[in-house]
Amino acid sequence: MPELPEVEVTRRSFATQIAGAHIQSLELGKPLRWPLGCDPAVLSGQRVLAVRRRGKYLLLDLDHGLLLLHLGMSGSVTFSWAPGPAGKHDHFSLNTSRGVLRLNDPRRFGAVVFAPGEDSPQAQKLLGKLGVEPLGEAFVLEDFVRALKQRMSPIKQVLLAGDTVVGVGNIYASEALFLAGIRPTTRAARLSRARVERLHGAIRSVLARAVEQGGSTLRDFSNSQGESGHFQLEAAVYGRAGLPCRVCGSLVRTIRQGQRSTFFCPVCQKP
DNA sequence: CACGGATCCTGATGGC
DNA sequence: TGCCATCAGGATCCGT
C-alpha cells in the first residue's frame with residue numbers, strides 16, 4: 001500500500017502521540033525482509049524522540065540510534081492504547097508508555113531495522129542511494145532535467161527506481177505521467193526540457209494532493225488510527241483500464257513495464 | 001555501470 | 001466447492 005503519500009499519512013497519524021514515549025518491550029512475529037539488527041534489550045528503556053520520513057521509510061529517532069520502518073507492498077502501521085493480541089500478520093510490536101506501535105504485513109516485504117545512527121553503515125545501506133524528496137525544496141528542476149538526460153530507460157521505470165526522486169510508486173507514477181501528458185514508455189533522456197518541467201510539477205502536485213486525501217486505499221490501506229484514504233476515487237488512470245479517460249473519453253490502456261502494470265491514456269499522453 | 005528480469009511472500013479474485 | 005493461474009501499493013540481487 002505504501003508510496004510516499006501513504007507513508008507520510010501514516011507518519012502524521014502517530015508521530016505526535018508517540019513522541020516522548022518510553023519503549024518497554026517488543027514482540028516479533030515471523031521474519032520480515034531483514035533482521036532487526038540488534039538485541040531487543042537495546043531498545044528497552046529508550047525514548048522515541050520523533051518520527052520522520054525519508055522516501056518510503058519511517059525513521060523513529062531514539063535516544064541512541066533509530067528504527068527504520070518500511071511497509072513493503074502490504075504493510076500498515078497501527079498505534080493504539082489497548083490493542084488486542086497480536087494477529088497473524090502482526091510481525092513487529094513496540095510496547096511503549098504511550099501505546100503499542102504495530103507493523104501488520106501479510107506479505108512480509110516490509111522491514112524494521114535498528115541503526116546506531118543515520119550515518120551508520122546499517123542506515124546508509126538502506127538510505128544511501130535514495131533520490132531527492134519530491135515535496136522538498138531540494139527537488140530542483142535543473143537537477144531533474146540533468147538527471148533524466150542520463151537515463152535511457154522508459155520514464156515510468158526511472159521514476160519507480162527511486163534513485164532520482166523518491167516516493168513515486170506504481171500508482172503515482174501513472175498518475176503523474178498522465179498529468180504531464182507523457183507516455184510512460186518514453187525514454188527519459190528523450191524528454192524535452194518543457195516536458196520534464198511539466199513532469200516535475202505533476203509529481204509534486206499529485207503527491208501533495210494524495211497526502212491531502214489521506215493516501216490511496218485500494219484494498220486495505222489505513223493510517224495508524226485505522227482511517228482509509230480517498231485519493232483512489234480521483235485517480236485519472238490508475239486501475240481504470242478500459243474506462244473512458246476523464247479528459248478526452250478515449251479508453252485507458254494498460255501495459256506491463258518491468259513486471260508492473262502501467263495505465264495511460266493513448267491520446268492525452270504523447271510518446 | 002546501466003539495464004531488465006527473477007525473486008521474496010500471502011491473499012484476493014476470476015475462470016473452469 | 002475446489003483447483004489453478006494471475007495479480008497486488010516494493011526494492012534488492014544477479015546476469016548481461
Side-chain angles (χ1 to χ4, degrees), chain A residues 1-11 29-35 53-58 68-77 87-92 103-113 122-131 134 147-177 184-190 203 206-207 210-211 213-223 228-235 237-242 254-263:
Chain A
M1 33 182 92
E3 299 181 37
L4 182 150
E6 289 74 31
V7 177
E8 177 61 18
V9 164
T10 297
R11 188 191 71 79
K30 288 190 187 177
L32 292 162
R33 178 166 195 164
W34 297 300
R53 180 189 56 74
R54 176 73 177 101
K56 297 172 188 171
Y57 286 91
L58 287 172
L68 295 95
L69 242 108
H70 198 289
L71 307 183
M73 286 279 265
S74 57
S76 59
V77 162
K88 184 178 180 184
H89 300 302
D90 292 327
H91 300 303
F92 178 87
L103 175 64
N104 181 278
D105 186 4
R107 294 176 73 182
R108 291 189 283 127
F109 291 171
V112 182
V113 174
Q122 294 96 314
Q124 283 304 303
K125 182 184 172 195
L126 302 180
L127 307 177
K129 292 191 172 170
L130 296 184
L148 293 189
K149 270 279 170 274
Q150 308 185 209
R151 299 297 210 100
M152 289 311 297
S153 300
I155 182 62
K156 160 90 173 333
Q157 297 185 236
V158 172
L159 294 180
L160 285 190
D163 48 359
T164 298
V165 56
V166 291
V168 182
N170 210 38
I171 297 177
Y172 304 110
S174 282
E175 292 299 309
L177 288 167
T185 47
T186 306
R187 307 266 154 185
R190 304 198 52 168
I203 289 169
V206 82
L207 294 178
V211 171
Q213 291 299 299
S216 295
T217 298
L218 295 193
R219 8 173 65 88
D220 55 5
F221 169 74
S222 58
N223 67 27
S228 293
H230 304 290
F231 183 86
Q232 74 282 1
L233 300 174
E234 58 188 67
V237 289
Y238 186 86
R240 301 192 68 241
T254 180
I255 56 173
R256 302 287 291 180
Q257 290 182 286
Q259 288 92 258
R260 314 297 300 279
S261 291
T262 298
F263 301 85

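Every chain is numbered from 1, with letters handed out A, B, ... down the list of sequences. In what follows, every heavy atom counts, from backbone to side chain, and hydrogens, waters and symmetry copies are set aside.
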**OP:** Have a look at K88(A) and say if it touches a base, only the backbone sugar-phosphate, or nothing, with a 4.0 Å heavy-atom cut-off.
**Re:**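 The residue K88(A) makes sugar-phosphate contact but no base contact.
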
**OP:** Would you classify Y238(A) as touching base, sugar-phosphate or nothing, given that sugar-phosphate means primed atoms plus P, OP1 and OP2, and contacts are heavy atoms under 4.0 Å?
**Re:** sugar-phosphate

Measure across [X] and [Y] and return the closest heavy-atom pair with its distance rounded to 0.1 Å.
X       : Y       : value
P2(A)   : L71(A)  : CG-CB, 3.4 Å
R187(A) : M152(A) : CD-O, 2.6 Å
G110(A) : L32(A)  : O-CB, 3.3 Å
I203(A) : P134(A) : CG2-CB, 3.9 Å
G215(A) : P5(A)   : CA-CB, 4.5 Å
K156(A) : S174(A) : CE-OG, 4.3 Å

What is the distance, rounded to the nearest whole Å, between atom [atom1] of [X] and atom [atom2] of [N]?
X       : N       : atom1 : atom2 : answer
R108(A) : dA11(C) : CZ    : C1'   : 17 Å
L32(A)  : dA11(C) : CG    : C1'   : 15 Å
E3(A)   : dG10(C) : CD    : C1'   : 9 Å
K156(A) : dA11(C) : NZ    : P     : 13 Å
K56(A)  : dT12(C) : NZ    : P     : 10 Å
L68(A)  : dG10(C) : CG    : C1'   : 16 Å
I255(A) : dC7(C)  : CD1   : P     : 14 Å
I171(A) : dA8(C)  : CD1   : P     : 11 Å

Subject >> Aromatic ring of F109(A) stacked on base six-ring of dA11(C), 5.5 Å, 30° >> reply: no

**OP:** Could you tell me whether R151(A) and D163(A) have a side-chain N and a carboxylate O separated by less than 4.0 Å?
**Re:**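 Between D163(A) and R151(A) there is a salt bridge, with a charged N closer than 4.0 Å to a carboxylate O.
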
Subject >> Nearest-Å distance once atom P is located in both dC14(C) and dC9(B) >> reply: 16 Å

Original post:
For atom P, what is the distance between dG5(B) and dC7(C), given to the nearest Å?
Top reply: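 The same atom, P, in both gives a distance of 15 Å.
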
Original post:
Quick one: is dG10(C) close enough that its OP1 or OP2 comes under 4.0 Å of any side-chain N or O from H70(A)?
Top reply: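 For H70(A), the contact criterion (side-chain N or O under 4.0 Å from OP1 or OP2 of dG10(C)) is not met.
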
Original post:
Between R260(A) and dG10(C), does any side-chain N or O lie under 4.0 Å from OP1 or OP2?
Top reply: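 For R260(A), the contact criterion (side-chain N or O under 4.0 Å from OP1 or OP2 of dG10(C)) is met.
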
Original post:
Which comes earlier along DNA chain B counting from the 5' end, the contact point of Q259(A) or that of Q150(A), where each point is its nearest nucleotide?
Top reply: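 On the 5' side of the pair lies Q150(A).
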
Original post:
For R187(A) and P106(A), take the nucleotide of DNA chain B holding the closest heavy atom to each; which residue's nucleotide lies nearer the 5' end?
Top reply: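 That would be R187(A).
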
Original post:
Going 5' to 3' along DNA chain B, which nucleotides are the first and last within contact of chain A (any atom under 4.0 Å from a heavy atom)?
Top reply: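 On DNA chain B, the outermost contacted nucleotides are dC3(B) to dG11(B).
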
**OP:** Mind listing the residues from residues 160-167 of chain A sitting with a heavy atom below 4.0 Å of DNA chain B? Number order is fine.
**Re:**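 Correct list: empty, so none.
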
Original post:
In terms of the nearest nucleotide of DNA chain C, which residue is placed more toward the 5' end: Y57(A) or G215(A)?
Top reply: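 Taking each residue's closest nucleotide, the earlier one in sequence belongs to G215(A).
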
Original post:
DNA chain C: R33(A) or F263(A), which has the more 5' nearest nucleotide?
Top reply: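 The residue whose closest nucleotide sits nearer the 5' end is F263(A).
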
Original post:
With a 3.5 Å cut-off and no angle check, do the side chains of N223(A) and T10(A) form a donor-acceptor pair?
Top reply: no

Original post:
Taking atom types as modelled and ignoring hydrogens, do the side chains of R256(A) and T262(A) form a donor-acceptor contact shorter than 3.5 angstrom?
Top reply: no

Original post:
Is any side-chain heavy atom of Q213(A) less than 4.5 Å from a side-chain heavy atom of E234(A)?
Top reply: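 Touching, per the 4.5 Å side-chain cut-off.
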
**OP:** Kindly state whether the ring of F231(A) and the ring of Y172(A) have centres lying under 6.0 angstrom apart.
**Re:** yes

**OP:** Find the distance between CD (E175(A)) and CG (L207(A)) and round it off to the nearest 0.5 Å.
**Re:**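 Reported value, rounded in 0.5 Å steps: 10.5 Å.
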
**OP:** Have a look at V168(A) and tell me which of L159(A), V206(A), L4(A) forms a side chain to side chain contact (heavy atoms under 4.5 Å, CB included) with it.
**Re:**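 Of all the options given, the one that passes is L159(A).
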
Subject >> Contiguous Watson-Crick or G-U pair runs (3 or more, under 3.5 Å) in DNA chain B >> reply: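 B:2-8 with C:10-16, B:10-16 with C:2-8 - these are the stems of 3 or more pairs that involve DNA chain B.
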
